Colleague: 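Okay, handing you the structure first.
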There are 2 protein chains.
Amino acid sequence: MIEKLIQHINGVTALNSEEENVIRELFKEKVIPRKTFLLRSGEFANYSAFVVEGCLRSYAIDKDGYEHILQFAPENWWISDMYSAVKQVPSELNIDALLDTKVLILQRTCQLSLFDRIPKLERYFRILTENALAASNHRTIDYLTLTAKQRYEKFCNLYPTIINTIPQKSVASYIGITPEFLSKLRAERT
Amino acid sequence: MIEKLIQHINGVTALNSEEENVIRELFKEKVIPRKTFLLRSGEFANYSAFVVEGCLRSYAIDKDGYEHILQFAPENWWISDMYSAVKQVPSELNIDALLDTKVLILQRTCQLSLFDRIPKLERYFRILTENALAASNHRTIDYLTLTAKQRYEKFCNLYPTIINTIPQKSVASYIGITPEFLSKLRAERT
DNA sequence: TGTAATTATTAACCTATATTAATAATTATA
DNA sequence: TATAATTATTAATATAGGTTAATAATTACA
């Protein structure tokens, strides 16, 4: 399990074997069966999770009880509630498993102290966070400039792997429309 | 000018005087008069800008020619096109000045080499990027869960300073509605 | 494998927000 | 200060996407 993470880090910034050994000792494995929770809103998200296998998602629930998906985290992705972690406030998000999932947990305090021991890890997370910000910015622009249909087509192109493993209503939730309307859009396509 | 940036960095992670001196030598000042551009779509955004005075904004233009604002950058904020910088693709954004503005420019290559000389700067930008991601995530959730009116009220609370210096149509553009509809919302409020 | 639970589709009707266009108010600048 | 340019308001009309509810298809699991 941990080797998968080490490989991922090495793909961003190369570690030496001593650094690899430090990392091997610090992560806790955790199994999250399908439909169970990693994080519930109201809790403090003082950790991040690296998905070794399976798929997680984070989502908010609106006042009418509808779910709105912020992020999918398939294999090799990190997931957390950055807002809760950074602002030190209770999370407004839930994180649960769409499939049986295995993750590696990194506590925020542990992460911060690791940055002093292994500065390359600060680089790794700086780069990951930059990429996440770039993607999030792009998503914002898509909301502002595209129709629901265009957003759906973009999602299909961008996440061809995800699209076949998750229910369609989750795609609707991510692109910001109702499942009924997504059905209608799909029916329209000749 | 540069002292303002140094002060800002020190607010996040304390520099020693040698580090401060390195920084003093590396930034280029630039004046951007109101309504002129720092970045035009199609160009590569291989730099970031720290706003010392004034206010910039980044925005996309849709196929009908309408502007959609991604970010405002008043005093003490950084602005760039992270997507273009990270993916090394031409920018889809424009950045221009809402007021007469002074910025400090940091080239991306220069930034990356600085990270080796002054690891604290990598920390500084890691933290800034985490904050930007947290804010961006929150904005996404707001789009998914709130009505236009609620987003407007939230904007007023979140950016009370900005709201009095920029035209109302820019607020509409940021929260994702037309200026006409924002007028209507404002008229509704007793 | 059969039954229950979940997910997807369809259709009629509804609403938040967009569009268009005209006018008023504000701001920039000659 | 007057004139032009920009921004804001108002109102009538249009539409993308939501809501509700019923049914069909798929998937989970006893």
Side-chain angles (χ1 to χ4, degrees), chain A residues 32-36 54-55 57 59-69 72 96-101 142-156 162-190, chain B residues 32-36 54-55 57 59-69 72 96-101 142-156 162-190:
Chain A
I32 306 160
R34 196 169 108 86
K35 299 203 177 181
T36 62
C55 188
R57 62 165 183 164
Y59 61 98
I61 296 181
D62 69 23
K63 64 177 200 339
D64 299 319
Y66 292 107
E67 296 172 356
H68 301 272
I69 297 179
F72 295 108
D96 69 7
L98 292 170
L99 310 169
D100 289 343
T101 300
D142 287 349
Y143 273 113
L144 295 173
T145 60
L146 302 181
T147 63
K149 183 171 215 168
Q150 292 171 320
R151 296 201 301 277
Y152 175 61
E153 279 157 5
K154 205 156 180 180
F155 186 94
C156 293
I162 295 187
I163 209 122
N164 296 311
T165 58
I166 66 173
Q168 196 170 293
K169 66 169 192 167
S170 294
V171 177
S173 169
Y174 184 91
I175 65 178
I177 61 177
T178 58
E180 294 84 354
F181 189 60
L182 179 52
S183 263
K184 193 191 267 183
L185 290 181
R186 284 162 49 83
E188 269 171 28
R189 305 203 302 176
T190 41
Chain B
I32 306 161
R34 197 171 108 85
K35 298 202 178 182
T36 62
C55 187
R57 62 164 183 166
Y59 61 97
I61 296 181
D62 70 23
K63 63 176 203 338
D64 299 318
Y66 291 106
E67 297 172 355
H68 301 273
I69 297 179
F72 296 107
D96 69 8
L98 292 169
L99 310 169
D100 289 341
T101 300
D142 286 349
Y143 274 112
L144 295 173
T145 60
L146 302 181
T147 63
K149 182 171 214 165
Q150 291 170 321
R151 296 201 302 276
Y152 175 62
E153 278 159 6
K154 205 156 180 182
F155 186 94
C156 293
I162 295 187
I163 208 122
N164 296 311
T165 57
I166 65 174
Q168 197 169 293
K169 66 169 194 168
S170 295
V171 177
S173 169
Y174 183 93
I175 65 178
I177 62 177
T178 57
E180 293 85 354
F181 190 59
L182 180 53
S183 262
K184 194 191 265 184
L185 290 181
R186 284 163 48 84
E188 267 169 29
R189 306 202 302 177
T190 39

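It should be emphasised that the depicted structure is a prediction, and the values quoted were computed from it without experimental measurement. These values consider heavy atoms only, across backbone and side chains, with no hydrogens, waters or symmetry-generated copies.
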Colleague: Any side-chain hydrogen bond (donor to acceptor under 3.5 Å, both in side chains) pairs touching residues 164-177 of chain A, not counting sequence neighbours?
Modeller: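 Qualifying pairs, neighbours excluded: A/Gln168-A/Arg186.
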Colleague: Is the closest basic N to carboxylate O distance between B/Lys35 and B/Asp96 below 4.0 Å?
Modeller: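 No, no charged N to carboxylate O under 4.0 Å.
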Colleague: Identify, with sequence neighbours excluded, every residue that meets side chain to side chain contact (heavy atoms under 4.5 Å, CB included) alongside B/Ala148.
Modeller: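 Residues passing side chain to side chain contact (heavy atoms under 4.5 Å, CB included) with B/Ala148: B/Arg151, B/Ile177, B/Phe181, B/Leu185.
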Colleague: Give the B/S/- string for nucleotides 18-27 of chain C, one per nucleotide from 5' to 3', where a protein heavy atom under 4.0 Å of the base yields B, of only the sugar-phosphate yields S, and otherwise -.
Modeller: BBBB------
Colleague: Rounding to an integer number of Å, can you tell me how far A/Leu185 CG sits from C/dT10 P?
Modeller: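 Whole-Å distance recorded here is 12 Å.
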Colleague: To the nearest Å, how far apart are A/Lys169 NZ and D/dG18 P?
Modeller: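 Spelled out: NZ on A/Lys169 to P on D/dG18 is 16 Å.
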Colleague: Return no unless some side-chain N or O of B/Gln168 is found under 4.0 Å from OP1 or OP2 of D/dT9.
Modeller: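 Looking at the OP1 and OP2 atoms of D/dT9, one of them is under 4.0 Å from a side-chain N or O of B/Gln168.
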Colleague: Of A/Arg151 and B/Ile166, whose closest DNA chain D nucleotide lies nearer the 5' terminus?
Modeller: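 The answer here is B/Ile166.
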Colleague: Consider the side chain of A/Pro167, meaning its heavy atoms from C-beta on, and name the nucleotide among C/dT17, D/dT7, C/dA8 that approaches it most closely.
Modeller: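 For A/Pro167, the side-chain atoms sit closest to C/dA8.
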Colleague: In the structure I gave you, are the side-chain heavy atoms of B/Lys149 and B/Glu153 within less than 4.5 Å of one another anywhere?
Modeller: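 Yes, side chains in contact.
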Colleague: How are the rings of A/Tyr143 and B/Tyr143 set relative to one another: parallel (under 30°), tilted (30 to 60°) or perpendicular (over 60°)?
Modeller: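 A/Tyr143 and B/Tyr143: parallel rings.
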Colleague: Atom OH of B/Tyr143 to atom C1' of D/dG17: distance rounded to whole Å?
Modeller: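 Roughly 17 Å, once rounded to whole Å.
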Colleague: Looking at every heavy atom in both B/His68 and B/Asp62, which two are closest together, and how far apart are they?
Modeller: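 Answer, listing the atom of B/His68 first, then B/Asp62: NE2-OD2, 2.8 Å.
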Colleague: Measure from CG on A/Asn164 to P on D/dT26 and round the result to the nearest Å.
Modeller: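 Interatomic distance, CG of A/Asn164 to P of D/dT26: 15 Å.
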Colleague: How many whole angstroms separate atom OH of B/Tyr152 from atom C1' of C/dA16?
Modeller: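 Value for this atom pair: 18 Å.
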Colleague: Which residue, A/Ser183 or B/Lys149, contacts DNA chain C at a nucleotide closer to its 5' end, judged by nearest heavy atom?
Modeller: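 The residue closer to the strand's 5' end, by nearest nucleotide, is A/Ser183.
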Colleague: For A/Lys35 and B/Leu146, find the nucleotide of DNA chain C closest to each by heavy atoms; which residue's nucleotide sits nearer the 5' end?
Modeller: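 Comparing both residues, the 5'-ward one is A/Lys35.
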Colleague: For C/dA8, take OP1 and OP2 only and decide whether either is under 4.0 Å from a side-chain N or O of A/Arg186.
Modeller: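 For C/dA8, OP1/OP2 do not have a side-chain N/O of A/Arg186 under 4.0 Å.
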Colleague: Roughly how far, to the nearest 0.5 Å, is CG of A/Leu146 from NZ of A/Lys154?
Modeller: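 Reported value, rounded in 0.5 Å steps: 5.5 Å.
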